[in-house]
Amino acid sequence: MGAQVESFKIGTNEFLRTSSTLWVRGRSAPPEGDHILRIPFSMHIPADSPPSFGFESYMNVAYVRYAVEVIGMRTGTFAVDRTIKVPILVVTPDPLGHALRTELKLGWPGDWGRVKAESRIRKMPWGDYSTAKMELLVPHLDTFPLFTEVPYSIIITTISAPTKRKGAAQPAKDVFPPVPRSASEIDFELRRHVDLQTPYFPSNPEEYVTDIISKAHAPVPPVDVEITDYVWLPEEGKEDRGCWMQEATFHSSLILRYTPTFLTEEIKIKYTLHLKVEFPGMGNVLRIEFPINIGSGIESPIPIDEQALSPTSGSIDVPA
């Protein structure tokens, strides 16, 4: 028997194609003294069209691509038509996100979404447990608009195991568990789930998209850090016995430049914020996962020659 060969199937769905005649010989000519004829035009893309998108992983590849193709039809027996094909980026209209963008720029006045995580931890396999808590605060939004600063706060609280206190002074050294003291001690990233309807079976791979806070480099925008002094929590009826509590708060904002969330029969994508903080000791980790919906934040089309000047536009990170 010959060697088995894996077979792959490529499916294409050409869901949009429109054609129009922009110019006919003899209809118009360049201005006097100019050899270039400029022909403004516009085209309609249905509002329910999926946004530009690209994804690649092992045995899974998916793209949503748009392009404008101009064909100059030449006359003559041996004349060859000339074709220019220019890829364009498309996002779906998002009136709600457009309104939210305005509110975010003026300072978010609404409610905040809160997600919490808590764990009892200890540095060694023996002894009393300490407590670590983490809370992620982001604006309570139905959609997160692109190219807009969305504020967030991360609050980390630690409570030591029960101990004795001498006098009224602060502890002489860091107590366990210590709070993170810089943003480099936090992992905060955006991940994307891509549900593909393949010819063989549904596939739901997950991919890393970007670091919001990275250990490898300084975060952009920068992160403000506030760390409180230790607070003594005495046991009931025992002023000299209790726990030490400390809190660290990280404030900043995130800016999204990625394909908005969308759903078709073949492709479904969704996003999740992943937050992780590690403490000394084996397995002492706090994790939070917070699903978000990304919208374009754009209400109406932006003429292509004005995109570079528009403060609400930007470049979406889509693979070529």
A quick test of your reading: do over 12 heavy atoms of other residues, nucleotides or ligands sit less than 6.0 Å from [atom1] of [X]?
X	atom1	value
Lys268	NZ	yes
His193	NE2	yes
Asp34	CG	yes
Glu69	CD	yes
Ile84	CD1	no

Exercise: identify the closest heavy-atom pair between [X] and [Y]:
X	Y	value
Val68	Met43	CG2-CE, 3.1 Å
Lys238	Pro234	O-CB, 3.7 Å
Ser130	Pro177	CB-CD, 3.4 Å
Arg101	Ser296	NH2-O, 3.7 Å
Phe290	Leu136	CB-CD2, 4.1 Å
Gly54	Tyr63	CA-CD2, 3.6 Å

Are [Y] and [X] co-members of a hydrophobic cluster defined by side-chain heavy atoms under 4.5 Å apart?
X	Y	value
Leu146	Tyr66	yes
Trp244	Ile227	no
Leu96	Phe147	yes
Val209	Ile255	no
Leu263	Ile292	no

Value rounded to 0.5 Å, distance of [atom1] in [X] from [atom2] in [Y]:
X	Y	atom1	atom2	result
Asp195	Thr264	CG	OG1	9.5 Å
Leu137	Arg114	CG	CZ	4.5 Å
Asn293	Lys270	CG	NZ	12.0 Å
Leu256	Glu149	CG	CD	11.5 Å
Leu89	Ser52	CG	OG	4.5 Å

Side chains of Phe176 and Ile121, heavy atoms from C-beta outward: is any pair under 4.5 Å? yes

With the side chain counted from C-beta on, respond yes when Phe53 and Val194 share a heavy-atom pair under 4.5 Å apart, and no when they do not.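 SC-SC contact between Phe53 and Val194 confirmed.
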
Residue pair Leu273, Leu275: steps toward the side chain to side chain contact (heavy atoms under 4.5 Å, CB included) verdict: CA-CA 7 Å; Leu273 296 173; Leu275 176 61; over 6 Å; no

Using the rule given for side chain to side chain contact (heavy atoms under 4.5 Å, CB included), can you reason through Ile156 versus Phe279, listing the C-alpha separation, both sets of side-chain angles and the distance that settles it, and then say yes or no? CA-CA 11 Å; Ile156 299 168; Phe279 298 91; 4.1 Å; yes

Return yes if some donor-acceptor pair links the side-chain N/O of [X] with the main-chain N/O of [Y] below 3.5 Å, else return no.
X	Y	value
Ser153	His251	no
Asn284	Arg122	yes
Trp232	Glu239	yes

Would Thr261 and Ile294 count as a side chain to side chain contact (heavy atoms under 4.5 Å, CB included) if you check the C-alpha gap in whole Å, the side-chain angles of each, and the deciding distance to 0.1 Å? CA-CA 5 Å; Thr261 306; Ile294 298 179; 4.0 Å; yes

Do we see a donor-acceptor contact under 3.5 Å between the side chains of Thr228 and Gln246?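 No.
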
For the residue pair Tyr208 / Arg191, report whether a side-chain donor-acceptor contact shorter than 3.5 Å exists.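 Per modelled atom types, Arg191 and Tyr208 side chains form no pair under 3.5 Å.
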
Does the side chain to side chain contact (heavy atoms under 4.5 Å, CB included) test come out yes or no for Phe262 and Thr92, once each step is laid out? CA-CA 9 Å; Phe262 73 93; Thr92 49; 5.9 Å; no

Before giving the answer on ring pair (Phe, Tyr, Trp, His ring centres under 6.0 Å), spell out for Phe188 and Tyr152 the whole-Å C-alpha distance, their side-chain angles and the decisive distance to 0.1 Å. CA-CA 11 Å; Phe188 191 23; Tyr152 68 84; 5.2 Å; yes

SB check Arg287 Glu289 (cutoff 4.0 Å):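 Salt bridge flag = no for Glu289 with Arg287.
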
